[in-house]
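Reviewing the structure listed below.
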Amino acid sequence: MIPAAKPLLGEDEANAVAEVIKSGMLAQGKKVAEFEEKFGKFIGAKHTIAVGNGTQALHVALLAAGVKRGNEVITTAFSFLASATSIVHCGAKPVFCDIDPKTFNMDPDDVRKLITPKTKAIMPVHLFGLSSDVKELQKICDEHDIALVEDACQSHGAQVNGRGVGTFGITSAFSFYPTKNMTTGEGGAVTTMDNETAELCKLIRNQGQLSRYNCVMIGYNYRMTDIGGAIGIEQLKKLPKWTETRIKNAAYLDKELGKAGIAVPYVPKGYKHVYHQYTIRVKNRDNVQKKLADMGVGSGVYYPQGLHELGPLAKYRTRKLPKVEKACKEVLALPVHPALTKEDLGTVAKSVVKAVA
Ligand SMILES: *Cc1c(COP(=O)(O)O)cnc(C)c1O
């Protein structure tokens, strides 16, 4: 079976972890600091605050942007759970907007309709490795004096006109879960261009302490381990190459699937898509997915349900989101990861064309 995703871990990561274990210093320390510096450089952010996972990164990013009880935060309903639960963790209310059917990202025109006096922030999710329309969203934020917080958990290295996601918002969140474009085991990071905000993120991460027992606010323990940091340093060395391979793999699939008239991912002009997922739209999606599995090709459905209809989040649903609901029925993510061989890619393309026909 060709897997839908595959974390790439080898000798380099194993040796780096062994080194940390032998040092006896496992908690946040030198390795995390080095990882933060290198990750910031990679995406072009001034400050990186590493945390335990992407959900924590979102929570810290929202808190540091000033989101609190009684606020509303506009986000997309077409995302992973944590995009909304992190808002709830702040005591705020997620307000779900519809998507642009071409990019799967939040539709700025719909966002405009949802602004109220309670809106504190807009949180776009750069879904599947493609940036949201940050220029238009920033404009809306400026007009209403509200914060832009980026959920960049799927978009390490994605860019708009040469500028990295994670540098547009007051804060941004990344995830290093094993299936993401790079991993630290579990892990996450908040990025920001603002010095004071960076200090606030560090306080929130470490029990609200400025220094040991000098506690100035109620914080959390959201620290990353040096084991995670060490893995991250090794992964970062390879991430540019892996991203290139993802883009090449996507170009191949675009060409082969495009010939068969299949709706392939859309990339707006000036955007660098890093293909965390390669998502197509098909009719009879579940049937196509089953056929692919029979041919030995793994695939994924992100997402089968909008957040506005998902479990306890459904209480925040205020209306239908037709474009999200349609996407939920049609999307299928195909293998695009850098562990694929040329032969695998050929098999994926041929099998999809056959399954759709
Ligand atoms: C993975 C992901 C998260 C959460 O990250 P974890 O590290 O799993 O906590 C949040 N938002 C999006 C869009 C994600 O894909």
Side-chain angles (χ1 to χ4, degrees), residues 4-5 7 32 35 39 48-63 65 67 73-90 94 96-97 99 103-106 121-132 134 137 148-158 165-166 168-169 171-191 204-205 220-225 227-229 231-232 235 246 273-279 300-308 310 313 324 327-328 331 333 336-337:
V32 169
F35 173 63
F39 187 74
T48 300
I49 300 91
V51 293
N53 56 56
T55 308
Q56 292 174 3
L58 285 169
H59 191 200
V60 174
L62 289 163
L63 289 173
V67 174
V73 178
I74 301 171
T75 193
T76 164
F78 197 53
S79 184
F80 178 62
L81 267 173
S83 304
T85 56
S86 55
I87 296 168
V88 178
H89 287 320
C90 297
F96 294 119
C97 71
I99 54 169
T103 62
F104 299 111
N105 281 327
M106 79 181 351
I122 298 175
M123 187 166 77
V125 180
H126 307 312
L127 205 67
F128 304 147
L130 178 71
S131 176
S132 305
V134 277
L137 294 170
L148 182 70
V149 176
E150 299 173 66
D151 180 343
C153 285
Q154 303 187 356
S155 293
H156 321 67
V165 302
F168 297 98
T171 48
S172 304
F174 289 87
S175 165
F176 309 119
Y177 186 75
T179 55
K180 309 286 171 164
N181 288 21
M182 63 162 289
T183 186
T184 61
E186 295 271 6
V190 182
T191 57
I204 296 167
R205 168 176 67 178
Y220 299 82
N221 172 2
Y222 278 177
R223 297 181 303 260
M224 178 185 271
T225 65
I227 296 174
I231 299 172
Q235 294 266 301
R246 283 179 185 272
H273 196 321
V274 296
Y275 297 100
H276 170 59
Q277 302 290 356
Y278 183 93
T279 301
V301 174
Y302 310 104
Y303 293 91
Q305 226 177 347
L307 296 179
H308 65 306
L310 186 56
L313 291 172
V324 171
C328 289
V331 287
V336 73
H337 55 82

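In this text, all values refer to a predicted model and were calculated from it rather than measured experimentally. Whatever order the structure lists ligands and atoms in, that order sets their numbers, starting from 1.
Contact check for M123 versus L58: side-chain heavy atoms found under the 4.5 Å cut-off.
Some N or O of T55 is nearer than 3.5 Å to an N or O of ligand 1, by distance alone. Between Y303 and ligand 1, not a single N/O pair is under 3.5 Å apart. The shortest N or O to N or O distance between S79 and ligand 1 is not under 3.5 Å. Annotation: G54 places an N or O atom under 3.5 Å from an N or O atom of ligand 1; distance criterion only.
Proximity to S83 (heavy-atom distance under 4.0 Å) selects the following atoms of ligand 1: 11 (N), 13 (C). Taking a cut-off of under 4.0 Å to the non-hydrogen atoms of V125, the atoms of ligand 1 that pass are 13 (C).
Here F128 pairs with F104 under the ring-ring contact (aromatic ring centres under 6.0 Å, His included) rule; sequence neighbours left out.
Shortest contact from atom 3 (C) of ligand 1 to any protein heavy atom: F80 CD2, 3.6 Å. When hydrogens are left out, the protein atom nearest atom 11 (N) of ligand 1 is D151 OD2, 2.9 Å; that is the closest non-hydrogen contact. In this structure, the protein non-hydrogen atom closest to atom 15 (O) of ligand 1 is K180 NZ, 2.6 Å. Protein heavy atom at the shortest distance from atom 10 (C) of ligand 1 is C153 SG, 3.5 Å.
The ring of F78 has its center no closer than 6.0 angstrom to the ring center of Y302.
Inspection of the Q154 and H126 side chains reveals no N or O donor paired with an N or O acceptor under 3.5 Å. For the residue pair Y275 and H337, no side-chain donor N or O sits within less than 3.5 Å of a side-chain acceptor on the partner. No donor-acceptor contact under 3.5 angstrom links the side chains of H156 and N181, judged on distance only.
By the criterion of a heavy-atom distance under 4.0 Å, neither the backbone nor the side chain of L127 is placed next to ligand 1.
Of the options A152, A57, S175, the smallest heavy-atom separation from atom 8 (O) of ligand 1 is shown by S175.
In plain terms, the two heavy atoms of I74 and M106 that are nearest each other are O-CE, 3.9 Å.
Ring geometry for Y220 versus Y222: interplanar angle under 30°, hence parallel rather than tilted (30 to 60°).
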